**Student:** 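Pasting a structure below so you can have a look.
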Amino acid sequence: MKNPLIKRFPRELKSEFGKYLIIFLFIAGTISIVSGWNVAGNSMATAYDESFETYNIEDGNFELYAEADKSLISDLETDSISIYKNFYIERSTKEVDSTLRVFHKRDKINLECLMNGEFPVSDNEIAIDRMYADNNAISVGDTLTFGDNMFTVSGLVALSDYSALFSSPADMMFDAVKFGVAIVTENCFDSLGENGLHYSYSWKYDKRPTDDVQAKEFSEEFLEHLYEQSALHENTVTEYIPEYTNQAIIFTGDDIKGDSTFITIFLYLVVVIIAFVFAITTGNTIAKESTVIGTLRATGYTKSELIRHYMAMPILVTFAGAIMGNILGYTVLKDFAASAYYGSYSLPTYVTLWNPSAFINTTVIPLIIMLAINFIMLSRKLSLSPLKFIRRDLSRRQKKKVFKLNTKIGIMKRFRLRVIFQNLPNYMTIFVGIFFANMILLFGFLFSPMLDKYQEDITTNLLASHQYLLKAPVETMEKSAEKYTATSLKTLEDKLKSEEVTIYGISNNSQYIDINLKNGVYISNAYAEKHNIKIGDEITLQEQFGTKTYSFTIDGIYYYPASLSVFMDKENFNHKFDNDADYFNGYFSEKEITDIDEIYIATEITADDLTKTSRQLKISMGNMMNIFLVFGIVMFMLIVYLLSKLIIEKNSQSISMTKILGYQNSEINSIYIMTTSIIVILSMLLTIPITNIALQQTCEYFFKEYPGWLPYYVAPSVFVKIIVMDIISYAVISFFQMRKIKKVPLADALKNVE
């Protein structure tokens, strides 16, 4: 015999169509985003992993001060390691304000993927990185001037060793706007001269390391061998980057795989919240239908049958939302996610892979979460005896006397307090929902002002308008130039990854850095904040390509947010690092230095170099922030609307009775709508500082995983925007709830009279 309770589903769906439609759309929208991101992310992660073999990506690279002779290469190569020449030239471009790093076409290691056009075949052609071309509106056929040479762009490529355009391993973020990579023919490369030429070499193990632990062991052994051999051949190692630490190679893969994990966990949190909303609304339905449930139990219906009945709609709505979400995710949202990744990274062409894990993550697990939470709640609710249901006595404990309220409190205030006590679980869920919604909103609003503040702090706190690092000491006639010495050490790997720290030797009474350094050592505030260093602490740093360590006692903190730096007196610097007393290798200058040949300039540090993090993050995360804003508002409105609607429905009999007693709709609104408004406003005010603290801890945890330091900052206007958006959203909800109160009929007061 067909279960007659099935006939109730169409009626229930019709009566609660608005609620189920909203939840369906919310679940479908959330799952479509997650599904699309998982499909695109998994496909790209697979293409990324396969690229190591397809394009023969290096196991690391090093740079020497001078070109290695054949005997040095011969001494470096062993039965297990092969060395490949991978020189590049770095110069500025004329058509766009950028620096281009140019290689010749590689045919043995770090091969390129052609995305559009053709590889260069003549000496006046160049193929540039696709991401760099997109960000600077350069197309195939355009002209690009590299230094003094003019080229025609023959094609757009993705260099396998530059999937993320990091110009330096010390950078916190890549820069695909003002930094790019490109390839030319070998003849063309040889004709470019030595200005800006870097003697870079790549190495490849015959047997690839199985994991990062083994890669680190291999790398340390090779570094020691390289250091010894380069010293014997009177050459110097100026850069050493194993593949497992090379951000230009590994950043993309880590980010794509991390995104999939993060967004899947986010989905589960959303489903948990929706499951609790379903559980609360179903509990309210059980309370309204308690006499019917008691009668059904008394006539032979089992507890399990009723549990299955009341679980059916939440499971069906979730399942329908999951199916629709997966359809959208595998079609429209997949392409959106892929375009977002292609908008940030120089990835090779990928093929969409239909993986079952995405379906499990976005459909099976959410259904299990929904089923488990509702099953636990229903099992508890329906465990009472049939007699208790018939009597509408759903309490598990013996009824106690009503909690007394002071009679000196006004009647309306007492009424509101009663509403709060009677609906405490609903209001607690509203608080949790607003917490998550405001967390999402804060994250969406946070980044743009934080990056603007970071960029402003850097540009207003430059060490000098022009900062030069030289390959060798060279004098200048520029009057504003001030000599300094600099070297790079690295932090010891402990709780945080080892990273580069710049050590500055500053002239006494420097006109650029206002610190008394005669006998002391200062560190930048970025270094102090990231590593939690205080005045009086001792720090130990290690050589970049050796084992010697240096210890410093911190006498002060200098406000320099651009990098992790140590400042000391130039004389003490030269003594500590065994340099000649008058040695220097850099200039601070107010004006541009024009009388030093570019061949002697290792690099010029500009404001553009220091602000690449904020510039790139705005490009990479701009569209994502808009998604978070929309999602946060929708979650806020969904939770508050459904639960405030439930409160009104739960109290419909009381509302009807107050109407019979002569209360006006405005007075009833002041009881129920005002009560919910107070809870919502208090929730907003309480959750905003909590979300700020939680997000600060989260951001700082993740920021510490990257080189450099991005300080957490929330502009006061962000809090104002969140409050305004919350209030406007709630005002819309209140309007519909007031209409609902107005429609409560007087006859409800006569229903379910005990």
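Just so it is clear, the model here is predicted, and its values are computed rather than measured. Along the sequence shown, residues carry numbers from 1.
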**Student:** What distance do Asn149 atom CG and Ile126 atom CD1 have between them, rounded to the nearest 0.5 Å?
**Tutor:**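 Result: 9.5 Å between the selected atoms.
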**Student:** Centre-to-centre under 6.0 Å for Phe103 and Phe87, is that the case here?
**Tutor:**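 Between Phe103 and Phe87, the centre distance exceeds or equals 6.0 Å.
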**Student:** Under the side-chain hydrogen bond (donor to acceptor under 3.5 Å, both in side chains) rule, what do Ser510 and Glu482 come out as? Steps first, then yes or no, please.
**Tutor:** CA-CA 8 Å; Ser510 170; Glu482 178 180 289; 2.5 Å; yes
**Student:** Between Asn574 and Asn579, is there a donor-acceptor pair closer than 3.5 Å when you use the side chain of the first and the backbone of the second?
**Tutor:**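 No, Asn574 side chain to Asn579 backbone: no donor-acceptor pair under 3.5 Å.
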**Student:** Nearest heavy-atom pair of Met477 and Asp595: which atoms, and what distance?
**Tutor:**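 Closest heavy-atom pair between Met477 and Asp595: N-OD2, 2.7 Å.
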**Student:** Step through the shown structure and confirm whether more than 12 heavy atoms of other residues, nucleotides or ligands are within 6.0 Å of NZ on Lys471.
**Tutor:**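 More than 12 within 6.0 Å, yes.
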**Student:** Answer whether the closest heavy-atom distance between the side chains of Asn61 and Asn110 falls below 4.5 Å.
**Tutor:**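 Heavy-atom side-chain distance check fails, nothing below 4.5 Å.
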**Student:** Could you check if a side-chain atom of Ile249 sits within less than 4.5 angstrom of a side-chain atom of Phe52, using non-hydrogen atoms only?
**Tutor:**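 With C-beta onward as the side chain, the pair touches.
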**Student:** Check whether more than 12 heavy atoms from other residues, nucleotides or ligands sit under 6.0 Å from atom NE2 of His575, and answer yes or no.
**Tutor:**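 Not more than 12 within 6.0 Å, no.
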**Student:** Among Tyr240, Tyr201, Tyr227, whose ring pair (Phe, Tyr, Trp, His ring centres under 6.0 Å) with Phe62 holds?
**Tutor:**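 The passing option is Tyr201.
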**Student:** Can you confirm if the aromatic rings of Phe577 and Phe573 lie within a centre distance of less than 6.0 Å?
**Tutor:**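 Phe573 vs Phe577: aromatic centres under 6.0 Å.
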**Student:** In sequence, state the C-alpha distance, the side-chain angles, and the governing distance for Thr185 and Asn187, and then conclude on side-chain hydrogen bond (donor to acceptor under 3.5 Å, both in side chains).
**Tutor:** CA-CA 5 Å; Thr185 63; Asn187 287 336; 5.7 Å; no
**Student:** Taking the six-membered ring for Trp and the full ring for Phe, Tyr or His, determine whether the centres of Tyr454 and Tyr713 are under 6.0 Å apart.
**Tutor:**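 Centroid separation for Tyr454 and Tyr713: 6.0 Å or greater.
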**Student:** How about CG on Asp211, more than 12 heavy atoms from neighbouring residues, nucleotides or ligands closer than 6.0 Å, or not?
**Tutor:**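 Enclosed.
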**Student:** Can you see which heavy atom on Ala215 is nearest to which on Tyr205, and at what distance?
**Tutor:**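 Where Ala215 meets Tyr205 most closely, the heavy atoms are O-OH, 4.4 Å.
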**Student:** What are the two closest non-hydrogen atoms of Tyr522 and Ile557, and how far apart are they?
**Tutor:**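 Answer, listing the atom of Tyr522 first, then Ile557: CD2-N, 3.5 Å.
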**Student:** Could you check, using the six-membered ring where one of them is a Trp, whether Tyr468 and Tyr587 have ring centers closer than 6.0 angstrom?
**Tutor:**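 Distance test on ring centres: not under 6.0 Å, no.
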**Student:** Could you measure the distance from the CZ atom of Arg130 to the CD1 atom of Ile138? Nearest 0.5 Å is fine.
**Tutor:**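 Atom-to-atom, Arg130:CZ and Ile138:CD1 are 13.0 Å apart.
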**Student:** Does the structure place the NZ or CZ of Lys105 under 6.0 Å from the centre of the six-membered ring of Phe119, at an angle of no more than 45° from the ring's axis?
**Tutor:**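 Yes - Lys105 lies over the ring of Phe119, closer than 6.0 Å to its centre and within 45° of its axis.
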**Student:** If every non-hydrogen atom of Phe222 is compared with every non-hydrogen atom of Leu76, which pair is closest and at what distance?
**Tutor:**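 Taking Phe222 first and Leu76 second, the nearest heavy atoms are CE1-O, 4.1 Å.
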**Student:** Tell me if a side-chain donor or acceptor on Ser480 pairs with a main-chain N or O of Lys591 at a distance below 3.5 Å.
**Tutor:**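 Yes; judged by distance alone, with no hydrogens or angles, the pair exists.
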**Student:** When you compare the side chains of Glu590 and Ser465, does any donor N or O come within less than 3.5 Å of an acceptor on the partner?
**Tutor:**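 Yes, Ser465 and Glu590 have a side-chain donor paired with an acceptor closer than 3.5 Å.
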**Student:** If we count only N and O atoms by modelled type, under 3.5 Å, do the side chains of Tyr132 and Ser98 hold a donor and an acceptor together?
**Tutor:**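 Yes.
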**Student:** Got Tyr504 and Phe588 here, is their nearest side-chain heavy-atom distance under 4.5 Å?
**Tutor:**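 Yes; the side chains approach each other to less than 4.5 Å.
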**Student:** Mark yes when over 12 heavy atoms from residues, nucleotides or ligands other than Glu224 sit less than 6.0 Å from its CD; otherwise mark no.
**Tutor:**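 Check fails, neighbour count at 12 or below.
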**Student:** Roughly how far apart are Thr553 OG1 and Glu538 CD, rounded to 0.5 Å?
**Tutor:**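 If I round to the nearest 0.5 Å, the distance is 4.5 Å.
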**Student:** Does Gly196 offer a backbone N or O that forms a donor-acceptor pair with the side chain of Arg91 under 3.5 Å?
**Tutor:**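 No.
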**Student:** Within the distance-only criterion (no hydrogens, no angle test), does the side chain of Asn135 pair as donor or acceptor with the backbone N or O of Ala176 below 3.5 angstrom?
**Tutor:**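 Yes, because the side chain of Asn135 sits within donor-acceptor range (under 3.5 Å) of the backbone of Ala176.
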**Student:** Any side-chain heavy atom of Ile250 sitting closer than 4.5 Å to one from Tyr244?
**Tutor:**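 Counting from C-beta outward, Ile250 and Tyr244 never come under 4.5 Å.
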**Student:** Does any N or O in the side chain of Lys530 come within less than 3.5 Å of the main-chain N or O of Gly708, such that one atom is a donor and the other an acceptor?
**Tutor:**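 Yes, Lys530 side chain to Gly708 backbone: donor-acceptor pair under 3.5 Å.
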**Student:** Do Leu470 and Ile601 have side chains that get closer than 4.5 Å, going by heavy atoms?
**Tutor:**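 Side chain of Leu470 against side chain of Ile601, heavy atoms only: contact under 4.5 Å found.
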**Student:** Say whether, by atom type as modelled, one donor and one acceptor occur between the side chain of Asn585 and the main chain of Ala486 under 3.5 angstrom.
**Tutor:**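 Judged by distance alone, yes, a pair lies under 3.5 Å.
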**Student:** Checking the side chain of Asn136 only, and the main-chain atoms of Val177 only, is there a donor and an acceptor separated by less than 3.5 Å?
**Tutor:**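 Looks like yes, one N/O pair under 3.5 Å.
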**Student:** To the nearest 0.5 Å, what is the distance between OG1 (Thr93) and CG (Leu144)?
**Tutor:**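 It comes to 5.5 Å.
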**Student:** Is it true that atom CG of Asp206 has more than 12 heavy atoms of other residues, nucleotides or ligands lying nearer than 6.0 Å?
**Tutor:**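 Yes, CG of Asp206 has more than 12 neighbouring heavy atoms, counting only those of other groups under 6.0 Å.
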**Student:** Grab the two heavy atoms, one from Leu111 and one from Ser160, that are nearest each other, plus how far apart they are.
**Tutor:**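 Between these two residues, the closest heavy atoms are O-OG, 2.8 Å.
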**Student:** Taking the six-membered ring for Trp and the single ring otherwise, decide whether the centroids of Tyr162 and Phe174 are under 6.0 Å apart.
**Tutor:**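 No: the rings miss the under 6.0 Å criterion.
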**Student:** Just verifying a value: how many Å separate Glu571 CD and Asn508 CG, rounded to the nearest 0.5 Å?
**Tutor:**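 These two atoms lie 7.5 Å from each other.
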**Student:** Output every pair passing side-chain hydrogen bond (donor to acceptor under 3.5 Å, both in side chains) with a member in residues 556-568, not counting sequence neighbours, ordered by first then second residue.
**Tutor:**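 Passing the test, one end in residues 556-568: Asp457-Tyr559, Ser563-Ser565.
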**Student:** State whether Arg106 and Glu58 are salt-bridged, where the test is any N-O pair (Lys NZ or Arg NE/NH1/NH2 against Asp/Glu carboxylate O) under 4.0 Å.
**Tutor:**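 Salt bridge flag = no for Glu58 with Arg106.
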**Student:** Evaluate the salt bridge (Lys or Arg N to Asp or Glu O under 4.0 Å) criterion for residues Lys483 and Glu475: first the C-alpha distance (whole Å), next the side-chain angles of each, then the deciding distance (0.1 Å), finally the verdict.
**Tutor:** CA-CA 9 Å; Lys483 297 175 182 177; Glu475 296 292 339; 3.0 Å; yes
**Student:** Could you give me the CA-CA distance, side-chain angles and deciding distance for Asp255 and Tyr345, then say whether side-chain hydrogen bond (donor to acceptor under 3.5 Å, both in side chains) is met?
**Tutor:** CA-CA 10 Å; Asp255 189 49; Tyr345 303 120; 2.3 Å; yes
**Student:** For the atom pair CG (Asp123) and CD (Glu125), what is the distance rounded to the nearest 0.5 Å?
**Tutor:**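 Rounded to the nearest 0.5 Å, the CG-CD separation comes to 9.5 Å.
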**Student:** What I'd like to find out is whether the side chain of Ile256 reaches to under 4.5 Å of the side chain of Leu347, using heavy atoms alone.
**Tutor:**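 A side-chain contact under 4.5 Å exists here.
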**Student:** Are any of the side-chain nitrogens in Lys85 or Glu67 under 4.0 Å away from the carboxylate oxygens of its partner?
**Tutor:**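 Result for this pair is yes, salt bridge flagged.
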**Student:** Do the side chain of His531 and the main chain of Tyr527 share a donor and acceptor less than 3.5 angstrom apart?
**Tutor:**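 No.
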**Student:** Does Leu232 reach the side chain of Asp75, with side-chain heavy atoms less than 4.5 Å apart?
**Tutor:**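 Side-chain contact under 4.5 Å: no.
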**Student:** If every non-hydrogen atom of Asp537 is compared with every non-hydrogen atom of Asn532, which pair is closest and at what distance?
**Tutor:**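 Here Asp537 and Asn532 meet closest at OD2-O, 4.3 Å.
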**Student:** Evaluate the side-chain proximity of Leu541 to Thr491: yes if any heavy-atom separation is below 4.5 Å, no if none is.
**Tutor:**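 A side-chain contact exists here, since the closest heavy-atom pair is under 4.5 Å.
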